[in-house]
Amino acid sequence: MADLFSIESVILHRLNMKLKAPFTTSLDHFQNKDFYIIEVIDQDGNQGFGETVAFPTPWYTEETTETVFHMMDSFLIPLLQKKQLSHPDQVAELFMPIRRNNMAKAGLEGAIWDLYAKRQAIPLADAIGGDNKKPVEVGVAVGIQESLSDLLKVVEQHVTEGYKRIKLKIKPGKDLTILKEVRKQFPDIPLMADANSAYSLKDLDHLKRFDELGLQMIEQPLGHNDFLDHAMLQRQIETPICLDESIHTLSDVKTAIALGSCKIITIKLGRVGGYTVAKKIHDYCREHDVPVWCGGMLEAGIGRAHSIALATLPQFILPGDTSASSRYWEKDIITPEVTMHNGLVQLPDLAGIGFEIDWQALESYRIQKIEYK
Ligand code: MG
């Protein structure tokens, strides 16, 4: 018989956490992460935890910390309250009448997956069809630095720490010369570049020169919703294109693969609305032999744990951005923190996300708490 459960209360903890170092992309620069930890509690007192990944400004997608709150508070939490559920896939169905707003949906859905796995007394990675015992290969994403010497120092530190690949954020004027220098200093390290849509097809000749660098991939070089231009670019460059900002649904993935807009896809739970859609995208990419990897949104521990669980699915064959807690935070909100050894992260052998909340740390970052009963 199905194990029925209902969400009796939802608690939103709004946190403001200072990053160890500011992070710069082609579109934004920030020092603090302002986001929500979502706690859901069922009729038996079991808890599940999720994390929202939207940034305070809408540079990555249209969502922000404030829009995510608005969607959860006014629409999504009311859809969940007192509903009888037997499986977390039902959450995606409940949320179907709400268009997009994937980061708001994913935070709540993730909390319910964690709760569900804990009710089943199994690790979340196993609950989604992954393998909790799989060591997850991790890379690191490096923001745009003030100077080349700063960048080389940061890269050297991460290579020494053991990360499996280095991803550099780039923008026009801070791209080829810098990548060439990093490639010269680190000839063997898997290297990739993320443009966050900083180029257009007018830059075609410039982008063709990236082929000299032996990059593992170039991520989202063109417009955030431009499948056709990416397909035209991919026909003219050797470097595999990876789509990030363009992918919100399974339909986007089908379009990208059919048009040849990319050869690799990065999946982020927040961008696609949670595990139910992420698993469908994963399975479709597996059937079509398209490698996937797990992107990052500078998550705190809860979001990080969810991403690592996702990355245990079999088609995650490239290292993700799910670095150790210490990459971004002086003190994370989970215990133990996520640690990396020789470029690998191993999930604890525990039910749910596998990590406990460090309440003292969480409360030290908390700026607001709202409870829905
Ligand atoms: Mg990206």
Side-chain angles (χ1 to χ4, degrees), residues 19 22-30 33 53-55 57-64 102-103 106 137-145 151 155 158 163-172 174-175 178-179 182 190-200 203 207 210 215-227 229-230 233-234 237 239-249 252-253 256 261-273 278 281-282 285 290-299 303-304 306-307 310-311 316 318-323 327-328:
L19 291 159
F23 198 84
T24 306
T25 72
S26 63
L27 294 164
D28 203 4
H29 172 82
F30 39 95
K33 186 92 197 272
V53 298
F55 297 111
T57 61
W59 67 271
Y60 175 75
T61 70
E62 68 280 12
E63 292 185 87
T64 68
N102 288 344
M103 293 180 184
E137 281 196 330
V138 294
V140 71
V142 179
I144 295 168
Q145 306 291 312
L151 177 68
V155 172
H158 293 315
Y163 283 106
K164 293 282 188 194
R165 68 102 173 97
I166 299 291
K167 157 170 150 180
L168 302 183
K169 293 284 188 181
I170 56 163
K171 65 177 182 182
K174 287 214 165 192
D175 52 10
I178 286 164
L179 285 162
V182 173
L191 184 66
M192 58 177 285
D194 184 2
N196 293 109
S197 296
Y199 302 90
S200 76
D203 304 305
L207 291 168
F210 282 62
L215 299 181
Q216 193 179 41
M217 70 191 90
I218 180 166
E219 187 179 338
Q220 199 71 40
L222 308 179
H224 69 94
N225 52 6
D226 209 332
F227 291 101
D229 282 6
H230 276 108
L233 177 62
Q234 184 67 89
I237 62 171
T239 309
I241 293 175
C242 169
L243 288 182
D244 174 1
E245 282 93 327
S246 297
I247 305 297
H248 304 273
T249 61
D252 290 337
V253 173
S261 312
C262 65
K263 294 179 179 165
I264 299 170
I265 282 176
T266 170
I267 304 181
K268 291 179 183 170
L269 285 166
R271 170 163 45 66
V272 303
I281 291 175
H282 166 274
C285 288
V290 172
V292 303
W293 56 278
C294 185
M297 295 286 285
L298 315 182
E299 288 94 344
R304 199 159 292 276
H306 277 287
S307 293
L310 179 70
F316 284 82
L318 293 165
D321 277 344
T322 47
S323 340
R327 159 76 182 93
Y328 295 111

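Just so you know, ligand 1 is whichever comes first in the structure, and atom 1 is the first atom listed for that ligand.
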- Parallel, tilted or perpendicular: which fits the ring planes of Y328 and F23, with parallel below 30° and perpendicular above 60°?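 It falls in the perpendicular class, over 60°.
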- Task: Can you label the angle between the F210 ring and the Y199 ring as parallel, tilted or perpendicular, going by 30° and 60°?
- Result: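 If you compare the ring of F210 with that of Y199, the planes turn out perpendicular.
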- For H224 and Y60, what are the C-alpha separation, side-chain angles and deciding distance, and is it a ring-ring contact (aromatic ring centres under 6.0 Å, His included)? CA-CA 9 Å; H224 69 94; Y60 175 75; 9.9 Å; no
- Query: Protein N, O or S atoms less than 2.8 Å from the Mg ion (ligand 1), ignoring waters?
  - Reply: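 For the Mg ion (ligand 1), the protein N, O and S atoms that sit under 2.8 Å away are D194 OD2, E219 OE2, D244 OD2.
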- Message: Quick test of your reading of the model: are R304 and D321 salt-bridged, counting only N-O distances below 4.0 Å?
- Response: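 Looking at R304 and D321, the cut-off is not met.
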- Would you give the length of the straight line joining atom CE of M192 to atom CG of L318, rounded to the nearest 0.5 angstrom?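 It is 8.5 Å, given to the nearest 0.5 Å.
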- Task: Report the residues that fulfil salt bridge (charged side-chain N to carboxylate O under 4.0 Å, His left out) with K169, sequence neighbours left out, ordered by chain and then residue number.
- Result: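 Applying salt bridge (charged side-chain N to carboxylate O under 4.0 Å, His left out) to K169 gives D194.
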